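Remarks on the structure that follows.
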Amino acid sequence: MATELNGPVRVRFAPSPTGFLHLGGVRTAIYNELLRLHCGGVFVLRIEDTDKARSDEAMTRQIQDALSWTGICWDEGPFLQSERLPRHAERAAELLAADRAYRCFCTSEVLEAQRAEAQKQGGSFRYPRTCAHLAADEIARRVEAGETFVVRFRAPDENILFFDLVRGDMEFPPESIDDFILLRSDGSPTYHMSVVCDDIDMAISHVIRGEDHLSNTPKHVPLFLAFGAAVPTFAHLPLILGPDKKRLSKRFGATSVEEFRAEGILPQALYNYMALLGWSPGEDREILSRDEMGRIFDVDRLNASAAVFDREKLLWMNGQYILASIVEELLPHLGPFIHEAGLDGADPARLATVLELHRSRARTLRELVQSVIPYFRDEVPYDAELCKKFLADPELPVHLAALRDRLAEAEFEKDPLEAALRAVAEERAIKPSVLIHPVRMALSGATGGPPLFDLVAAMGKDETSRHLGHFIAYLRRGGTLPEHQD
RNA sequence: GUCCCCAUCGUCUAGAGGUUAGGACAUCGCCCUUUCAAGGCGGUAACACGGGUUCGAGUCCCGUUGGGGAUACCA
């Protein structure tokens, strides 16, 4: 299916503010933005907050913040659908006047019973058009009598055709929809009425949304037609699945933008990863910026099958972004993690130095900041299990004491430090590694980390001396905790 | 139940009738290295099944199975 998209588009992202921005939502927003970036045009943000019971202003704010954080930019809006309700009712009235819609006095109780019966028979329920052809005077009389009614659309009896960028030409038989409701008995528009009305008023050319709307589309298409409006081109994106191949749910971890942000995922990484979950640039490269993707975005490359969200790969990609960023670029995102780690008062220059040392070792910003805590604490906690082989060497405290004395007069730069340690090792006829590993343990409490002499240099003379002193004492005590502060 | 959609390594995917079925994550091994990462090199690993169509099918058609979605006076 070759799809030549030329000229500017008008796209929209229309979330309902019923919670945090979900991964599926971000991805939909991303593809909207990418199409807009590729073709030029306008990206509209519309908040579908007509369900007052489930929407509130804070959530609306929340969604905008999450989009902005992710790096998604819209050109127009946000428009609140709730503010357009009178317009929707007005347009429904036009349909009523043109006899493309009609008043239906059937109560939901009656309909419910009919529905239950139809399902018991093993079929699907369609509104039986009980009120489709009431006489004008009867309608007038019942309205006059105060009977409540809904407004129903006269669904077409022909096949419904539309084009979907992901699935190609779609054709639905008329039975797949019924005379669905446009206006509820309280006069408020239903979702179908609102979306179509807004998409027309906002001149939306391409509707990119989740696959869960695919079966709503046969309702929307004839509505566009009834209004004499151009039917937009659709793109129904497959759903995002969890590791169990079921709809992504909380029980496998984070599902909202907020949560990934709180874990220390960079916005660019989330954007990049989500864009590739269901779309591929057709080349082997996977690390792509928003602008690059916008340039090469091609709707033909949207995948039609559902994708499993792979947290591991997101983490890997985030690591790639951390690795590719300089500390100055990372810093604006680090605030909450620095606070969480209790490093608010840390010397900024020293913080930057050690963050740099650990950049290639972290997959999230949280991990990165956590890994740097050892440089800022007074006491290093030693794990007897990890220190086992150091405790087994009775000579070690003596060697380390000698090293400590030597380092006290060394220049605290990487190379001189290394020279000093090697000299001590040679004098004492031991291998450098006999000193290297315990020094790492003494200073960081860990067995892994950045190159030792970077670590020592970053730690500084005073801290190094103090930690070494503590560690030597710890070894001499045989690995027990200190009885009191020395 | 009914309608609709989907189906390549464990996962994301490339593949538009003829490929040793390619890449990435994960995994395993090796190299680098004082360690842990990062990086480099290599390995394991896939066309759900059954029928067609065709000289030839991962690619086209039908069916089966499996998964998902929709079946509201929710959006």
Side-chain angles (χ1 to χ4, degrees), chain A residues 1-2 14-18 48-51 53-55 81 104 106-108 111-112 115 118-126 148-152 164 166-167 170 172-173 175-178 180-186 188-192 194-195 210-218 236 238-239 241 243-247 273 276-287 300-301 303-317 319-320 323 358-363 371 418 421 431-437 439-441 444 446-453 455:
Chain A
M1 154 192 54
S16 46
T18 52
E48 312 223 315
D49 60 343
T50 53
D51 187 0
R54 294 198 293 158
S55 313
Q81 198 160 57
C104 164
C106 299
T107 63
S108 32
L111 261 21
E112 204 46 60
R115 194 187 329 274
Q119 287 200 351
K120 215 166 61 185
Q121 302 299 313
S124 62
F125 174 72
R126 298 175 69 217
T148 61
F149 60 87
V150 298
V151 174
R152 287 185 182 272
D164 188 293
V166 177
R167 286 149 226 281
M170 301 294 298
F172 287 80
E175 307 85 74
S176 52
I177 62 166
D178 67 355
F180 57 92
I181 294 171
L182 262 20
L183 252 34
R184 300 186 188 100
S185 49
D186 65 357
S188 65
T190 59
Y191 165 74
H192 305 297
S194 295
V195 231
E211 192 188 26
D212 43 342
H213 288 291
L214 184 58
S215 44
N216 287 149
T217 308
H236 287 97
L239 274 0
L241 273 24
D244 58 351
K245 300 243 183 183
K246 301 225 186 306
R247 206 177 186 144
Y273 176 75
L276 258 32
L277 197 62
W279 175 77
S280 97
E283 51 177 304
D284 288 339
R285 222 151 46 95
E286 294 197 293
I287 305 291
D300 279 345
R301 304 198 69 86
N303 212 309
S305 55
V308 174
F309 174 75
D310 184 0
R311 192 186 151 73
E312 283 300 314
K313 189 154 183 176
L314 202 217
L315 256 20
W316 165 79
M317 194 170 276
Q320 293 292 305
L323 198 55
H358 284 262
R359 226 158 32 90
S360 72
R361 270 159 268 264
R363 295 199 300 174
S371 72
E418 178 161 6
L421 183 140
K431 287 188 290 185
S433 63
V434 172
L435 294 173
I436 285 171
H437 295 291
V439 170
R440 175 184 303 287
M441 178 56 67
S444 70
T447 54
L452 185 78
F453 303 102
L455 189 155

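Every chain is numbered from 1, with letters handed out A, B, ... down the list of sequences. Nothing here was measured: the structure is a model prediction, and the numbers come from that model.
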Exercise for review: Please state how far atom CD in A:Q320 lies from atom P in B:A37, giving the value in whole angstrom units.
Suggested key: 15 Å
**Study point:** B:U64 and B:C4, which share atom name P, separated by this distance in whole Å
**Key:** 13 Å
Check your understanding: C1' atom, B:A48 versus B:G10: distance in rounded Å?
Key -> 15 Å
Point to revise | P-based separation of B:G23 from B:U71 [nearest Å] | key: 43 Å
Exercise for review: Let me know the distance between CZ of A:R311 and C1' of B:C25, rounded to the nearest Å.
Suggested key: 14 Å
Check your understanding: Which listed nucleotide (B:A26, B:U34, B:A38) is nearest to the side chain of A:L323?
Key -> B:A38
Review point. Rounding to a whole Å, what distance do you find between A:N303:CG and B:U8:C1'?
Key: 11 Å
Review point. Using purine N1 to pyrimidine N3 plus N6-O4 or O6-N4 for Watson-Crick, or N1-O2 and O6-N3 for G-U wobble, both under 3.5 Å, which nucleotide pairs with B:U65?
Key: B:A7
Review point. When the C1' atoms of B:A7 and B:C62 are considered, how many whole Å apart are they?
Key: 16 Å
Exercise for review: Please measure how far the C1' atom in B:C60 lies from the corresponding atom in B:G18, and state the result in whole Å.
Suggested key: 15 Å
Check your understanding: Under a 3.5 Å cut-off for both distances, is B:U2 Watson-Crick or wobble paired, and to whom?
Key -> B:A70
**Study point:** Given B:C5, B:G68, B:G23, the nucleotide with the shortest approach to the side chain of A:L239
**Key:** B:G68
Review point. Below 4.0 angstrom from OP1 or OP2 of B:C36, is there any side-chain N or O of A:T447?
Key: no
Check your understanding: Do A:N216 side-chain and B:A75 base share a donor-acceptor contact under 3.5 Å?
Key -> yes
**Study point:** Mate of B:U34 where both pairing distances stay under 3.5 Å, Watson-Crick or G-U
**Key:** none
Review point. What integer number of Å spans the P atoms of B:G68 and B:U27?
Key: 27 Å
Point to revise | Nucleotide nearest A:K313 when distance is taken to its side chain, options B:U11, B:A24, B:U34 | key: B:A24
Check your understanding: Among B:C5, B:A38, B:A26, which is the nearest nucleotide to the side chain of A:E211?
Key -> B:C5
Check your understanding: Between A:R301 and A:E283, is the closest basic N to carboxylate O distance under 4.0 Å?
Key -> no
